[in-house]
Novice: 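Dumping the structure here so I can ask a few things about it.
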Amino acid sequence: MSTVSGSPAQKINYLLNRAVAEVIDRRELERMLLSGRKLRIKEGLDPSAPDIHLGHMVALRKMRQFQELGHQIVLIVGDWTAQIGDPSGRSATRPMLTAEQVRKNAETYLAQFFRIVDKDKTEVRFQSEWFGKFDLGDVVRLTSKFTVAQFLARDDFAKRFSEGRPIAITELLYPLLQAYDSVAIQADVELGGTDQKFNFLVGRELQEMMGQKPQQIFMVPLLVGTDGVQKMSKSLGNYIGIAEPPEDIYGKTMSIRDELIMDYFELLTDVPDEELEEFRNQLKGGANPMNLKKRLARELVRQLYGEEDARRAEEHFEKVIQKKELPDSVRECHLSFNALRFPGGEIDMRRLLRATGVAASTSEAGRLINQGAVEVDGKRITTFQCQLSSGSIIKVGKHRFIKVINADNQT
RNA sequence: GGAGGGGUGCCGGAGUGGCCAAUCGGAGCAGACUGUAAAUCUGCCGCCCUAAGGGCUACGCAGGUUCGAAUCCUGCCCCCUCCA
């Protein structure tokens with residue numbers, strides 16, 4: 001994991017300026033950081049989407065920086081709010097989760113979370129610690145502090161309301177619960193994406209109402225996903241997961257559109273600002289963006305896996321994608337050739353592709369073959385039947401490879 | 001409590017008795033072009049069958065009418081809007 005070197009003052013400066021969208025209240029936070037007091041930095045975990053991707057990483061890196069300055073991360077597992085489904089930035093109601101799903105998701109999430117954030121400087125808390133004791137009276141007291149108009153001020157609520165689309169009552173509850181979390185753990189700072197601004201602000205208000213000092217709000221920019229349009233999110237499928245294999249992280253990074261390169265550098269790496277400026281000039285000067293993108297891809301894999309894996313991922317990319325050579329290792333599939341033969345004795349490639357899992361169905365496999373997407377040992381096939389020897393390499397599309405081994409011979 | 005509208009493939013959204021495995025758009029996949037970029041163009045985009053061709057499922061659920069239903073009828077479930 002990367003560490004920014006320098007004096008505490010320099011680190012604070014970096015923390016407050018690099019990859020930051022908005023801080024409320026900035027002056028106050030700066031003062032608190034300089035005071036030397038150990039701050040409690042709150043971060044919410046939404047256990048409905050267990051996989052962490054680069055979009056989350058922007059905030060996770062910030063947490064890491066806070067930790068390096070000696071502060072305490074308090075990670076809240078939203079086991080209650082997950083049952084509601086956070087409506088932030090969405091226009092549709094989300095399905096509720098069962099307690100069991102939440103627990104399982106949280107486990108996966110934490111394992112990934114601690115690849116970036118220091119576990120020893122993190123306090124993990126479950127909402128059920130406090131909401132489990134809530135009774136109706138508490139709920140009434142909590143809800144009575146705010147008005148519908150206040151909540152309708154929130155962008156997505158306002159939009160849905162005016163468009164006549166449904167807003168579940170529980171969704172209005174969401175910001176309240178999240179706000180109460182801040183009270184429960186006495187947060188000094190809450191950290192997250194800009195789409196959370198409303199919820200964060202409710203937290204501030206509620207803390208003040210309940211006699212606490214209102215938390216400072218630290219918002220990081222939202223990372224645009226691999227589609228180049230919408231924010232990175234799992235449900236949109238435009239994400240790069242931090243737990244994906246190095247080659248995939250590298251490869252997916254290479255396929256982002258050029259316009260995103262600098263954003264990614266700024267939000268996801270510690271490449272110094274001066275160097276980024278230089279990159280921008282290079283791009284303006286007509287340099288091939290691919291080279292910068294390779295640097296970016298390397299940086300990302302290095303952060304998540306280390307130098308050695310970054311180098312290997314790059315080699316893999318150059319070899320397989322750029323030079324169109326075979327990868328070093330190809331997934332092997334052992335299967336009975338005889339079970340896949342036509343009466344004439346040749347192999348039915350459609351059934352083989354399905355059996356190996358490359359295609360979801362025989363029909364799909366047939367389509368792939370008809371479209372010229374399938375190569376056997378470097379030769380494109382155009383018919384379903386094929387003479388195949390054990391150990392053949394099959395390539396489907398641009399980057400799917402399998403090696404088929406005839407299991408008939410081995411028994 | 002009253003009135004009205006609606007549930008279609010991954011999503012949006014046409015279709016109101018046969019020409020519907022279902023127009024179109026998006027997503028996705030593949031091919032061409034490339035820098036595995038983007039954009040663009042082309043094709044595919046339910047499942048199964050030895051590709052032509054055929055079969056089987058499918059339009060909220062369950063029945064029914066009909067030679068024939070996503071389309072008509074009955075019941076049920078669910079959703080939305082407006083009035084109170």
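This one's a predicted model, so the numbers in the text were calculated from it and none came from an experiment. So that the names make sense, note that chain A is the first sequence line, chain B the second, and so on, each numbered from 1.
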Novice: Paired with B:G53: which nucleotide, if any, by Watson-Crick or G-U wobble criteria at under 3.5 Å for both distances?
Specialist: B:C49

Novice: Without swapping roles, check the side chain of A:Lys133 against the backbone of A:Glu129 for a donor-acceptor pair under 3.5 Å.
Specialist: yes

Novice: Expressed as a whole number of Å, how far does the P atom of B:C45 sit from that of B:G6?
Specialist: 32 Å

Novice: Measure from the side-chain heavy atoms of A:Phe384 and tell me the nearest of B:G35, B:U50, B:A51.
Specialist: B:A51

Novice: Measuring only between side-chain heavy atoms, which start at C-beta, is A:Thr122 closer than 4.5 Å to A:Met63?
Specialist: no

Novice: Can you check the distance between B:C10 and B:G5, where both ends of the measurement are the C1' atom (answer in whole Å)?
Specialist: 26 Å

Novice: Students often get this wrong, so: under 4.0 angstrom with heavy atoms, is A:Ser363 touching a base, only sugar-phosphate, or nothing?
Specialist: base

Novice: Looking across every strand, which nucleic acid part, if any, lies under 4.0 Å from A:Arg354 by heavy atom: base, sugar-phosphate, or nothing?
Specialist: sugar-phosphate

Novice: For the C1' atoms, the ones on B:C79 and on B:C61, what distance do you get once it is rounded to whole angstrom?
Specialist: 15 Å

Novice: Determine the contact category for A:Ile256: base if any of its heavy atoms lies under 4.0 Å from a base atom, sugar-phosphate if only primed atoms, P, OP1 or OP2 are that close, otherwise nothing.
Specialist: sugar-phosphate

Novice: Other residues, nucleotides and ligands only: do more than 12 of their heavy atoms fall within 6.0 Å of NZ on A:Lys294?
Specialist: yes

Novice: Roughly how many Å is it from CG in A:Asn370 to P in B:G43, rounded to a whole number?
Specialist: 15 Å

Novice: Can you find an N or O donor on one side and an acceptor on the other, under 3.5 Å apart, linking the side chain of A:Gln385 with the base of B:A51?
Specialist: yes

Novice: Has A:Arg367 got a side-chain N or O lying under 4.0 Å from the OP1 or OP2 atom of B:C47?
Specialist: yes

Novice: Rounding to an integer number of Å, can you tell me how far A:Arg380 CZ sits from B:A30 P?
Specialist: 13 Å

Novice: In the structure shown, which nucleotide is the Watson-Crick or G-U wobble counterpart of B:C72, with both distances under 3.5 Å?
Specialist: B:G64

Novice: Between A:Gly251 and A:Asp348, which is nearer to the 5' end of RNA chain B once each is assigned its nearest nucleotide?
Specialist: A:Gly251

Novice: With side chains defined as the heavy atoms from C-beta onward, is the minimum distance between A:Leu75 and A:Leu110 less than 4.5 Å?
Specialist: yes

Novice: Please state how far atom CD1 in A:Ile369 lies from atom C1' in B:G43, giving the value in whole angstrom units.
Specialist: 16 Å

Novice: Please check if any side-chain donor atom of A:Gln215 sits under 3.5 Å from a side-chain acceptor atom of A:Ser182, or the reverse.
Specialist: yes

Novice: Considering only B:C49, B:C47, B:A30, which nucleotide approaches the side chain of A:Arg351 most closely?
Specialist: B:C49

Novice: What does B:A3 pair with, Watson-Crick or G-U, if both distances are under 3.5 Å?
Specialist: B:U81

Novice: Pick the C1' atom in B:U65 and in B:G55, then give their distance to the nearest Å.
Specialist: 27 Å

Novice: Calculate the interatomic distance between A:Ile240 atom CD1 and B:U36 atom P; express it in whole Å.
Specialist: 16 Å

Novice: For the side chain of A:Arg257, starting at C-beta, report the closest nucleotide among B:A38, B:G35, B:U36.
Specialist: B:A38

Novice: Expressed in whole Å, how much space separates the P atoms belonging to B:A58 and B:A21?
Specialist: 14 Å

Novice: Taking any heavy-atom pair under 4.0 Å as a contact, classify A:Gly366: base, sugar-phosphate, or nothing.
Specialist: nothing

Novice: Phosphate oxygens OP1/OP2 of B:G46: is one of them under 4.0 Å from a side-chain N or O of A:Ser361?
Specialist: no

Novice: Roughly, in whole Å, what's the span from NZ in A:Lys398 to P in B:A32?
Specialist: 8 Å

Novice: Identify the heavy atoms of A:Ala187 and A:Gln207 that sit nearest to each other, and give their distance.
Specialist: O-NE2, 3.2 Å

Novice: Quick one: does A:Asn291 reach the base of B:G35 with a side-chain donor-acceptor pair under 3.5 Å?
Specialist: no

Novice: Taking only the side-chain heavy atoms of A:Arg400 (C-beta and beyond), determine which of B:A30, B:G35, B:U36 contains the nearest atom.
Specialist: B:A30

Novice: Pick out which of A:Val189, A:Asp181, A:Leu191 makes a side-chain contact (heavy atoms from CB on, under 4.5 Å) with A:Lys42.
Specialist: A:Asp181

Novice: In whole angstrom, give the distance that lies between atom CG of A:Leu368 and atom P of B:G43.
Specialist: 17 Å

Novice: Which base, if any, makes a Watson-Crick or G-U wobble pair with B:C59, both distances under 3.5 Å?
Specialist: none

Novice: Using the P atom as the point on both nucleotides, what is the distance between B:A70 and B:U8, in whole Å?
Specialist: 16 Å

Novice: Across all strands shown, which nucleotide pairs with B:C20 by Watson-Crick or G-U wobble geometry, both distances under 3.5 Å?
Specialist: none

Novice: Expressed in whole Å, how much space separates the C1' atoms belonging to B:C47 and B:U57?
Specialist: 7 Å

Novice: Scan every strand shown for a Watson-Crick or G-U wobble partner of B:C10, both distances under 3.5 Å, and answer none if you come up empty.
Specialist: B:G26

Novice: May I ask you to check whether A:Phe131 and A:Tyr180 place their ring centres under 6.0 Å from each other?
Specialist: yes

Novice: Specify the residue among A:Val396 and A:Asn288 whose closest nucleotide of RNA chain B lies further upstream toward the 5′ end.
Specialist: A:Val396

Novice: Under the 3.5 Å rule, do the base of B:G43 and the side chain of A:Gln371 count as making a donor-acceptor pair?
Specialist: yes

Novice: Check this one for me: any side-chain N or O of A:Gln322 less than 4.0 Å away from OP1 or OP2 of B:U36?
Specialist: yes

Novice: Considering only atom P, compute the distance from B:A62 to B:C78 and round it to an integer number of Å.
Specialist: 16 Å

